[in-house]
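One-based numbering along the sequence shown. We count ligands from 1, going down the list as the structure has it; atoms in each ligand are counted the same way.
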Amino acid sequence: MSLKGKTALVTGSTSGIGLGIALGLARAGADLVLNGFGDASAVVAQVKQFGGRVGHHPADVGDPAQIAEMFAYAEREFGGVDILVNNAGIQHVASVEEFPVERWDAIIAINLSSVFHSTRLALPGMRARGWGRIVNIASVHGQVGSVGKAAYVAAKHGVIGLTKVVGLETATSNVTCNALCPGWVLTPLVQKQIDDRAASGVDPQQAQHDLLAEKQPSLEFVTPSQLGELVLFLCSEAASQVRGAAWNIDGGWLAQ
Ligand code: NAD
């Protein structure tokens with residue numbers, strides 16, 4: 001499949017899953033607007049190897065005004081966004097009684113409200129051009145809970161609800177909106193949770209095995225490139241009637 005002539009914006013694409021998805025879209029020929037924290041020059045160079053145009057906007061997606069600036073940049077430099085992947089996300093693990101209020105607010109803003117803001121800014125252009133794909137990176141935690149993850153689980157359940165509504169509101173158009181629900185993917189976000197377990201004296205390999213064994217029956221991590229392939233499928237003509245779905249890719253986590 002060729003995505004030549006399409007522009008994709010992937011939030012949180014300087015690392016982990018977002019980078020894997022950006023590489024998949026670039027390999028298929030799309031131009032890319034990257035976003036995320038840190039020095040983006042190496043990531044821009046990596047995505048540019050596939051020959052398309054690549055830009056980076058450093059918006060903090062926790063701030064609606066910065067999201068609007070990023071969309072204005074995409075419009076000005078790339079002529080708009082055809083494929084929107086809402087991927088940026090953060091985690092904080094604590095019980096509800098001990099959950100820092102500021103972390104709750106940040107997780108809701110970055111993991112949930114940003115999806116609303118990006119979507120409302122992307123839709124008019126997609127409708128005007130008669131084609132669009134919105135893929136929200138939710139999580140298995142959009143469908144089930146885990147202790148210590150109140151804000152994350154609430155935000156990801158919200159993302160799946162929002163995905164259904166946008167899927168319905170675009171149902172008679174060539175714009176689709178779907179969510180992916182990954183299980184464990186070995187990225188910096190998950191490495192931190194393994195390191196926290198290892199800090200209590202457990203061998204790091206054992207900590208990694210225990211993390212998988214508790215939830216993911218395959219005992220293997222999902223990879224960013226597998227997520228990239230699934231996004232490509234959702235961009236294809238074959239997926240044009242996949243609408244408002246929450247698609248598990250979780251080594252069997254949610255089958256239990
Ligand atoms: P990561 O920490 O490796 O990458 C997160 C990316 O988001 C980085 O590029 C970071 O710079 C960016 N980011 C963070 N806060 C931002 C902000 N305020 N504004 C703009 N960019 C910001 O994390 P990851 O594991 O690749 O997670 C990506 C997404 O996948 C998240 O939404 C996460 O909830 C989801 N997810 C991850 C897993 C997993 O096991 N890793 C599983 C299910 C879902």
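Each of the atoms 20 (C), 21 (N) of ligand 1 lies under 4.0 Å from some heavy atom of Asn35. Every atom of ligand 1 is numbered from 1 in the order shown, and the set under 4.0 Å from a heavy atom of Val190 is 39 (C), 40 (O), 41 (N). If you number the atoms of ligand 1 from 1 as listed, the ones under 4.0 Å from a heavy atom of Ile137 come out as 30 (O), 32 (O), 35 (C). Interface atoms of ligand 1 facing Gly36, defined by a heavy-atom separation under 4.0 Å, are 11 (O), 21 (N). Here is the list of ligand 1 atoms found below 4.0 Å of a heavy atom in Asp60: 17 (C), 18 (N), 19 (N). Atoms of ligand 1 lying under 4.0 Å from any heavy atom of Trp184, numbered from 1 in the order shown and given with element: 40 (O).
Side-chain heavy atoms closer than 4.5 Å link hydrophobic residues (I, L, V, M, F, W, Y) into clusters, and following such links, possibly through other members, connects Val10 to Val47.
At the shortest separation from atom 12 (C) of ligand 1 among protein heavy atoms lies Gly12 CA, 3.5 Å. Taking atom 43 (C) of ligand 1 as the reference point, the nearest protein heavy-atom neighbour is Pro182 O, 3.3 Å. The protein non-hydrogen atom at the shortest distance from atom 23 (O) of ligand 1 is Leu189 CB, 3.5 Å. Looking only at heavy atoms of the protein, atom 11 (O) of ligand 1 is closest to Phe37 N, 2.9 Å. The protein atom (non-hydrogen) at minimum distance from atom 26 (O) of ligand 1 is Ile17 N, 2.8 Å. Regarding atom 1 (P) of ligand 1, its nearest protein heavy-atom neighbour is Ser15 OG, 3.7 Å. Protein heavy atom nearest atom 28 (C) of ligand 1, with residue, atom name and distance: Asn87 OD1, 3.3 Å. For atom 34 (O) of ligand 1, the closest non-hydrogen atom on the protein side is Tyr152 OH, 2.6 Å.
Considering CG of Asn136 and CG of Asn111, their distance stands at 11.5 Å, rounded to 0.5 Å. A distance of 11.5 Å separates NE2 in His56 from CG in Leu32, rounded to the nearest 0.5 Å. Taking CD1 of Ile107 as the start and CD1 of Ile110 as the end, the distance is 8.0 Å to the nearest 0.5 Å. Of the inter-residue distances, the one linking Phe50 atom CZ with Leu25 atom CG reads 11.0 Å to the nearest 0.5 angstrom. Going from atom NZ of Lys192 over to atom OG1 of Thr187 covers 12.0 Å, rounded to the nearest 0.5 Å. Considering CZ of Phe233 and CG of Asn178, their distance stands at 9.5 Å, rounded to 0.5 Å.
Residue contacts with ligand 1, taken as heavy atom pairs separated by less than 4.0 Å, involve Val185 via backbone and side-chain atoms alike. Neither the backbone nor the side chain of Leu19 comes within contact range of ligand 1; no heavy atom lies under 4.0 Å. Contacts between Thr14 and ligand 1 below 4.0 angstrom, taking non-hydrogen atoms only, involve backbone and side chain alike. By the criterion of a heavy-atom distance under 4.0 Å, neither the backbone nor the side chain of His141 is placed next to ligand 1.
For the pair Pro188 and ligand 1, a heavy-atom separation below 4.0 Å is found. Remark: distances from the non-hydrogen atoms of Ala138 to ligand 1 include one below 4.0 Å. Heavy atoms of Thr11 stay at 4.0 angstrom or farther from ligand 1.
None of Arg127, Lys6, Arg129 except one satisfies the salt bridge (Lys or Arg N to Asp or Glu O under 4.0 Å) rule with Asp82; the exception is Arg129.
Remark: among candidates Gly18, Gly16, Gly89, the nearest residue to atom 5 (C) of ligand 1 is Gly89, based on non-hydrogen atoms. When Gly183, Ser139, Ala59, Pro224 are ranked by how near their heavy atoms come to atom 42 (C) of ligand 1, first place goes to Gly183.
The local environment of CD in Gln191 is crowded, with over 12 non-hydrogen atoms from other residues, nucleotides or ligands closer than 6.0 Å.
Taking every heavy atom of both residues into account, Ala207 and Ala198 meet most closely at CB-N, 4.2 Å.
When only interatomic distances are considered, the shortest N/O to N/O separation between Thr187 and ligand 1 falls below 3.5 Å.
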Test side-chain contact (heavy atoms from CB on, under 4.5 Å) on Leu230 and Val135; report intermediate values, then the result.
CA-CA 10 Å; Leu230 204 38; Val135 183; over 6 Å; no

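Using a 4.0 Å cut-off between charged nitrogen and carboxylate oxygen, Arg197 and Asp210 do not count as a salt-bridge pair.
Ring geometry for Trp184 versus His141: interplanar angle over 60°, hence perpendicular rather than tilted (30 to 60°).
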Please list, one pair per line, the donor and acceptor atoms closer than 3.5 Å that link side chains of residues 65-79 to other protein atoms, with sequence neighbours excluded.
| from | atom 1 | to | atom 2 | distance (Å) |
| --- | --- | --- | --- | --- |
| Gln66 | OE1 | Asp60 | N | 2.8 |
| Gln66 | NE2 | Asp63 | OD2 | 3.1 |

